[in-house]
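First the proteins, then the strands, lettered A, B, ... as listed; each starts at 1.
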Amino acid sequence: MGRKNYWLVSVGIVLVSLFLPENAYAMHIAEGFLPAKWAGIWWVLMLPFLTLGIKHVKRVVDEHDPSIKMLLALAGAFIFVLSSLKLPSVTGSTSHPTGIGLGAILFGPWPMVVLGCIVLIFQAVLLAHGGLTTLGANVFSMAIVGPFVAYGIYKLFRKLGAPLWLTVFLAAALGNLLTYVMTAIQLSLAFPAETGGFIASLTKFMGVFAITQVPLAITEGLVTVLIFNLLREYSKGELKKLSIIS
Amino acid sequence: MSLAGKNLIILALILIVTITPLIIKPDAEFGGADGAAGELITKMNPNYQSWFSHIWEPPSGEIESLLFALQAALGAGFLGYYIGAKRTETKYKEEMEQDEKC
C-alpha cells in the first residue's frame with residue numbers, strides 16, 4: 001500500500017515536470033541582490049524569531065538529558081548534509097534540500113531557526129552562497145517559514161490520524177517547498193514588475209524558484225522518512241520523551 | 001516489512017527522482033549558482049545594481065567543492081556515528097534483557 005503510493009506520487013511528479021520551463025534556478029537570495037530597504041526589513045523581522053529560537057535551544061539543552069542533546073545535534077547535522085547536496089531538477093538546473101523538516105518535527109519550529117541560521121551563515125561566509133545582507137531574508141524563508149510549515153503540517157496530519165511515514169514525508173516536503181515559495185514572494189516584493197506589479201513578478205519568480213524545487217521537495221521528504229525510520233527503530237526512548245511516539 | 005526493506009525502497013525512489021532529470025534533460029546546463037538567480041533580476045530590472053559583494057569567495061571551483069564536501073562530511077560523519085551508537089546501544093539492551101530472563 002505504502003509502496004504503491006510512493007510510486008504513484010513519483011510517477012505523477014515526473015510527468016508534471018516534463019512540461020515545465022527550462023533554465024530555472026532556485027537558491028538562496030544572493031549577496032547584494034535585495035535592495036537595502038528590503039534587506040533591512042527582513043533582518044528586522046527575523047531577529048525576534050532568532051532571539052526566541054536561542055531561548056528554546058537553551059531550554060532543550062538545560063532541561064533534557066544528553067541523549068536528547070545528541071538528537072538535537074543530529075537534527076543540525078542533517079541540515080548540514082542536505083543543504084550541501086545540490087541536486088539536479090527536471091527544470092534543467094540544480095537546487096538543494098534544506099533538511100529543516102526533521103528537526104521541526106522532533107523539536108518544534110523554534111530551535112530550527114537557530115540551526116538554520118548557523119548553516120546559512122556558514123554558506124554565506126565560506127561558500128559565497130546566499131549572503132550577509134540577504135541573511136535576514138534567507139533565514140526568514142529557510143529557517144522560519146520552513147520549520148513552521150513543517151511543524152504545522154506534522155501537527156495537522158497527526159490530528160487527522162494519517163500514517164506517521166506519510167505525515168513525516170508531507171511535513172518535510174512542504175516545509176522545503178514553501179521555503180522557496182517564500183523566496184519567490186520576497187523577490188517579488190522587492191522587484192515588482194513595471195506592468196502587473198507584485199502579482200506579475202510573483203508568477204514569474206514562482207515559475208522559476210518554486211517549480212525547480214518540487215522534485216527536491218520529494219527527495220527531502222523521502223530522505224527525512226528514511227532517517228525517521230532509523231530513529232524510530234533505534235531511538236525509541238528519545239522519541240517517547242519528545243512525545244513523538246507513545 | 002523490515003526496516004532495511006523499507007529503506008531500500010526509499011533509496012531506490014531517491015535515486016529515480018535524482019537521476020530522471022539527467023536523463024530527460026540531456027542538454028540542460030544544470031547550473032544553479034546564486035549568480036544565475038541574479039541574472040533573472042537583472043533581466044527584469046536592467047537598472048538594478050548589486051550593492052554589496054561577498055566578503056570572501058572561494059578562490060576556485062575546486063576550493064568551493066572542498067568546502068561543500070567538508071560541510072557534507074561533517075554532517076554525514078555525525079549521522080553515521082549517531083545511528084551506529086544507537087544501534088549498538090539497542091542491541092546490548094536487548095541482549096541484557098534476555099540475559100536477565102535466563
K.L.:
Which atoms of A/I227 come close to chain B, meaning under 4.5 Å heavy atom to heavy atom: side chain ones, backbone ones, both, or neither?
P.N.:
side chain
K.L.:
Using non-hydrogen atoms and a 4.5 Å limit, figure out which bit of B/L22 sits close to chain A: side chain, backbone, both or neither.
P.N.:
side chain
K.L.:
With a 4.5 angstrom heavy-atom cut-off, which part of B/T90 approaches chain A: side chain, backbone, both or neither?
P.N.:
side chain
K.L.:
Taking the basic N atoms (NZ, or NE/NH1/NH2) and the acidic carboxylate oxygens, is any pair closer than 4.0 Å for B/E89 and B/K86?
P.N.:
yes
K.L.:
At their closest point, which heavy atom of A/P35 faces which heavy atom of A/A190, and how far apart are they?
P.N.:
CD-CB, 3.7 Å
K.L.:
Quick check for you: among B/I19, B/I83, B/I23, B/L70, which has the greatest number of heavy-atom pairs under 4.5 Å with chain A?
P.N.:
B/I83
K.L.:
Checking B/W51 side chain against A/L34 main chain: does a donor-acceptor pair fall under 3.5 Å?
P.N.:
yes
K.L.:
What part of B/L67 lies closer than 4.5 angstrom to a heavy atom of chain A: side chain, backbone, both or neither?
P.N.:
both
K.L.:
For the candidates A/T219, A/L82, A/L226, which exhibits the highest count of non-hydrogen atom pairs separated by less than 4.5 Å from chain B?
P.N.:
A/L226
K.L.:
Under 4.5 Å heavy-atom distance to chain B, tell me which part of A/E194 shows up: side chain, backbone, both or neither.
P.N.:
neither
K.L.:
Under 4.5 Å heavy-atom distance to chain B, tell me which part of A/K236 shows up: side chain, backbone, both or neither.
P.N.:
neither
K.L.:
Would you call the rings of A/Y180 and A/H28 parallel, tilted or perpendicular, where under 30° means parallel and over 60° means perpendicular?
P.N.:
parallel
K.L.:
Please rank B/T88, B/I63, B/L79 by heavy-atom pairs under 4.5 Å with chain A and give me the top one.
P.N.:
B/L79
K.L.:
Nearest 0.5 Å, what's the CZ-CG distance between A/F205 and A/L187?
P.N.:
4.5 Å
K.L.:
In Å, rounded to the nearest 0.5 Å, how long is the span from CG of A/L87 to OG1 of B/T18?
P.N.:
5.5 Å
K.L.:
Angle between ring planes, A/F191 versus B/Y48, binned at 30° and 60°: parallel, tilted or perpendicular?
P.N.:
perpendicular
K.L.:
Using non-hydrogen atoms and a 4.5 Å limit, figure out which bit of B/F68 sits close to chain A: side chain, backbone, both or neither.
P.N.:
both
K.L.:
Just verifying a value: how many Å separate A/F122 CZ and A/L127 CG, rounded to the nearest 0.5 Å?
P.N.:
5.5 Å
K.L.:
How many angstroms lie between OG in A/S95 and NZ in A/K86, if you round to the nearest 0.5 Å?
P.N.:
9.5 Å
K.L.:
Could you check which of A/L231, A/V81, A/I79, A/L132 has the highest count of heavy-atom pairs closer than 4.5 Å to chain B?
P.N.:
A/V81
K.L.:
If you count heavy-atom pairs under 4.5 Å between each of A/T133, A/V125, A/T134 and chain B, which one has the most?
P.N.:
A/T133
K.L.:
Counting heavy-atom pairs closer than 4.5 Å to chain B, which one of A/G99, A/S67, A/G76, A/S89 comes out on top?
P.N.:
A/S89
K.L.:
Which of the residues A/L85, A/V119, A/L71 is involved in the greatest number of heavy-atom pairs with chain B at under 4.5 angstrom?
P.N.:
A/L71
